[in-house]
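Indexing begins at 1, ligand by ligand and atom by atom, following the structure's order. Positions are given from 1, in the same order as the sequence printed here.
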Amino acid sequence: MLELTSIMQRAGHAKTPEEQVRIIVDAISAALGTDVCSLYIPCASGDMALVASHGLNTRHPIVLPQGSGLVGRITTARHSINIIDPDSEPDYFYLPHSREEQFHSFCGVPLVKQGRVVGVLVVQSRRREILDAQGEAFLSTLASHLALLVDNLPDPAVPAVIGNETIHGLAGAPGLAMGPARKVATGDLRSVPEGHCEDPVLAMQQWQTLKAEVITDLMRERHVVEMSLGQSLSTIFDAYRMLLEDPAFTNRIEREIRDGSDLPWALRNTVQFFSEQFLDMEDPYLRARHEDIEQLGDKVYQTWLGDKESTANADPDSEFVLIGNNIGVSDIVSLPAEQLLAIVCSSGAALSHIAIFANALGIPAVMGLQETRPIADGEYLIVDGDLGQLIRDPSDSLIAEYRELIDSRRNLERQLEAEKDLRARTSDGVDMQLMANSGLQADIMPGLRRGADGIGLFRTEVPFMARQGLPSEEEQVAVYRQVVDAYGDKPVYMRTLDIGGDKPLPYLPHVVEENPALGWRGVRFTLDNVQLLVTQLRAIVRAAGGRESVYVLFPMVSMTEELDRCLELLDDACRQLAQEGYPCLRPRVGVMLEVPGAVSLLPFWRERLDFISIGSNDLTQYLLAIDRNSRVVGKLYDPLHPAVIHEIARIVNVANQLGLPVSVCGELASDPVAVVLLIGLGVRQLSMSSARLPLIRSLVRSISMQSAQNLVQQAMTRDTASGIRHLCLEYLGGLERKEQFIPASP
Ligand code: PEP
Ligand code: MG
């Protein structure tokens with residue numbers, strides 16, 4: 001066990017997937033005392049290629065035809081073979097050039113991932129001796145770890161640079177884009193050579209001057225961001241400043257200088273020290289904050305170099321895909337948004353500030369992308385933010401295909417945006433209310449520009465997440481008031497903090513849980529940290545300033561006691577504010593319907609609620625017991641599952657009987673396939689990301705209520721998600737504007 005852990009840890013430090021598997025095969029051979037350890041993986045053709053070996057000569061490419069040899073037998077039979085004298089087996093296949101005739105024992109185990117054989121791991125030995133049971137078990141255990149890694153290996157049949165190389169990362173922000181790469185112009189602090197200082201007093205003065213210069217720069221950039229994108233994003237500059245002024249940071253640099261390092265080397269060591277401290281933290285959000293300290297380090301170093309040439313100045317007119325190891329908000333503040341096609345970042349994930357920023361700007365972003373060879377400035381790239389992948393060396397035909405797709409999406413968007421003032425009314429006269437989901441100040445205007453009837457879901461946790469400390473009541477009032485003022489009389493549904501679980505706030509205590517989705521999140525978290533909820537409710541009521549258009553939405557409510565406590569706190573906040581002399585109207589109140597158990601309680605809650613909103617993302621995860629964030633079972637997550645559709649039908653029926661208005665604000669509300677069903681089921685209010693508003697408006701105008709209801713009747717008889725999807729696609733295919741609703745993909 002110890003051996004296994006140490007092998008996987010060593011492999012974890014490798015820079016590329018190829019290096020990772022090489023480390024593993026070498027280590028297995030050493031651990032089992034075998035002469036050979038080899039890994040075969042299937043090519044696209046089905047043949048098995050040797051991709052790493054300890055002990056076999058791999059100078060020539062070695063490929064076993066599909067189904068042949070012992071490796072072929074293991075692939076087909078999906079079980080291990082552990083034998084001596086492998087060459088006497090009838091299906092033995094001699095590998096030319098491998099010199100494997102010298103080996104007299106063979107043990108091979110399949111690598112299985114999600115039911116598929118994704119490789120075969122083989123050990124061979126000169127000794128005519130079968131591998132003992134313990135050895136075989138060890139090999140099988142490692143095979144199950146390796147099965148998770150081999151997907152990252154390039155297709156062995158495709159030479160490294162033949163074109164259309166797809167590299168998988170994480171989806172940071174949706175959309176498609178292509179264009180030349182431009183590297184973030186940072187002084188890479190990690191490449192600083194060791195340097196010694198002759199005059200520590202002078203170096204100390206230089207440090208003070210440099211620090212002051214960077215702080216001035218940061219405050220200037222903060223102002224630019226605040227003006228263009230709002231306060232929630234500009235707070236990162238305050239965080240940089242705090243780090244830079246932190247005595248621990250400065251003391252460490254000064255100590256390094258006193259010990260003889262020159263300024264760049266002292267800076268490098270200090271940044272590395274603090275970055276590692278963050279990386280060692282268990283909390284995933286805090287761990288991700290090592291990005292901030294590294295970005296700050298690069299910025300300080302760049303200022304030291306006097307290399308002020310920003311990426312924006314490289315070629316003022318051309319569009320580009322911004323690439324970098326650790327892109328920070330401050331790297332792109334001065335970039336003209338219209339030239340920035342996409343962002344590709346080799347570190348980070350969906351929670352990184354830069355991904356939040358890309359979403360707000362409406363440009364695609366791919367995060368956490370582990371490229372196997374460095375991307376050159378000017379290299380032509382295709383960025384697929386929907387799938388979270390990058391295509392390098394795209395062939396002319398693939399470029400043409402994507403060009404067509406991007407152009408047609410753009411044309412469609414323009415055409416649809418021109419219809420923003422048309423009513424979302426079905427052909428037989430039923431009006432739908434189409435609202436925007438929002439969370440950033442930068443989202444506010446796009447929603448209005450696209451004709452949103454209001455904000456159906458304001459995720460208040462987003463401004464909290466983009467900060468480094470809890471916002472005060474005054475600060476929250478300022479953020480909420482911007483939204484409320486921008487929407488005038490249109491409704492704004494403010495959801496109270498939905499944090500905890502997998503969305504912890506870095507500056508609040510975070511408990512590591514076995515099942516965060518079933519744990520301390522939503523109102524469960526805020527009712528335990530009641531001061532947060534009280535402050536937030538006060539801020540919402542104050543921002544509403546007596547207007548009727550502001551609603552309060554409580555997330556993750558599953559029990560009557562929770563709802564009652566939330567209402568008590570709201571009443572209390574209103575009472576306090578009235579006493580303090582604020583104009584005060586108690587907002588109307590609703591709950592997110594995301595925990596299936598809450599549905600049965602709706603009749604009991606009738607007198608306490610003014611509306612409900614179906615959170616289809618979580619409702620699906622809880623109804624199907626499928627973690628919506630899991631890479632392993634993610635492929636099973638499908639909100640068109642019959643149980644979800646039947647459950648929504650039940651909720652809408654109950655709500656109608658009770659006279660409770662009902663909306664849908666999960667991703668289902670922005671998917672044309674599902675929207676027809678939702679309309680047919682009786683939902684009249686949908687809330688979606690603002691980019692989807694024009695499309696869904698067009699869909700509503702293309703259908704009749706009658707036909708949507710007929711479709712629902714048929715869908716209710718299907719027992720699989722694919723059956724329901726097929727029906728809906730057939731329906732969309734029969735519409736006049738069908739090409740809008742069934743998007744083409746390359
Ligand atoms: C949902 O669960 O559908 C929802 C809208 O909430 P969130 O995605 O923020 O959890
Ligand atoms: Mg939810």
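Considering backbone and side-chain N/O atoms, R495 comes within less than 3.5 Å of an N/O atom of ligand 1.
Between K420 and E417, no side-chain nitrogen of the basic residue sits less than 4.0 Å from a carboxylate oxygen of the acidic one, so the salt-bridge criterion is not met. Note on D485 versus R547: salt bridge recorded, some NZ/NE/NH1/NH2 to OD/OE distance being below 4.0 Å. A salt bridge does not link D431 with R684: none of the charged nitrogens is closer than 4.0 Å to a carboxylate oxygen.
Listed by first and then second residue, the salt bridge (charged side-chain N to carboxylate O under 4.0 Å, His left out) pairs involving residues 637-652 are D638-R725, E647-R650 (not counting sequence neighbours).
In this structure R737 satisfies the salt bridge (Lys or Arg N to Asp or Glu O under 4.0 Å) test together with E419, sequence neighbours excluded. With sequence neighbours excluded, the residues that form a salt bridge (Lys or Arg N to Asp or Glu O under 4.0 Å) with R542 are E473, E474.
No side-chain N or O of Q713 forms a donor-acceptor pair with one of N710 less than 3.5 Å apart. N437 and S687 are linked by a side-chain donor-acceptor pair at a separation below 3.5 angstrom, with hydrogens and angles left out of the test. In this model, a donor atom of one side chain and an acceptor atom of the other lie less than 3.5 Å apart for Q536 and T460.
Here 2 is the count of protein N, O or S atoms positioned under 2.8 Å from the Mg ion (ligand 2), waters not counted.
Near M592, with a cut-off below 4.0 Å to any heavy atom, the atoms of ligand 1 are 4 (C), 5 (C), 6 (O). Which parts of ligand 1 touch G666 is read off a 4.0 Å heavy-atom cut-off, strictly below it: atoms 3 (O), 5 (C). Atoms of ligand 1 found under 4.0 Å from any heavy atom of L457, numbered from 1 in the order shown, are 5 (C). Remark: ligand 1 atoms within the under-4.0 Å shell around heavy atoms of G615 are 1 (C), 2 (O), 3 (O). Using a 4.0 Å cut-off to heavy atoms of E594, the atoms of ligand 1 that qualify are 1 (C), 2 (O), 6 (O).
In this structure, E667 does not count as a contact residue of ligand 1, since none of its heavy atoms falls inside 4.0 Å of the ligand.
Residue contacts with ligand 1, taken as heavy atom pairs separated by less than 4.0 Å, do not involve I614 at all.
Looking only at distances, a side-chain donor or acceptor of Y622 sits under 3.5 Å from a matching main-chain atom of A517.
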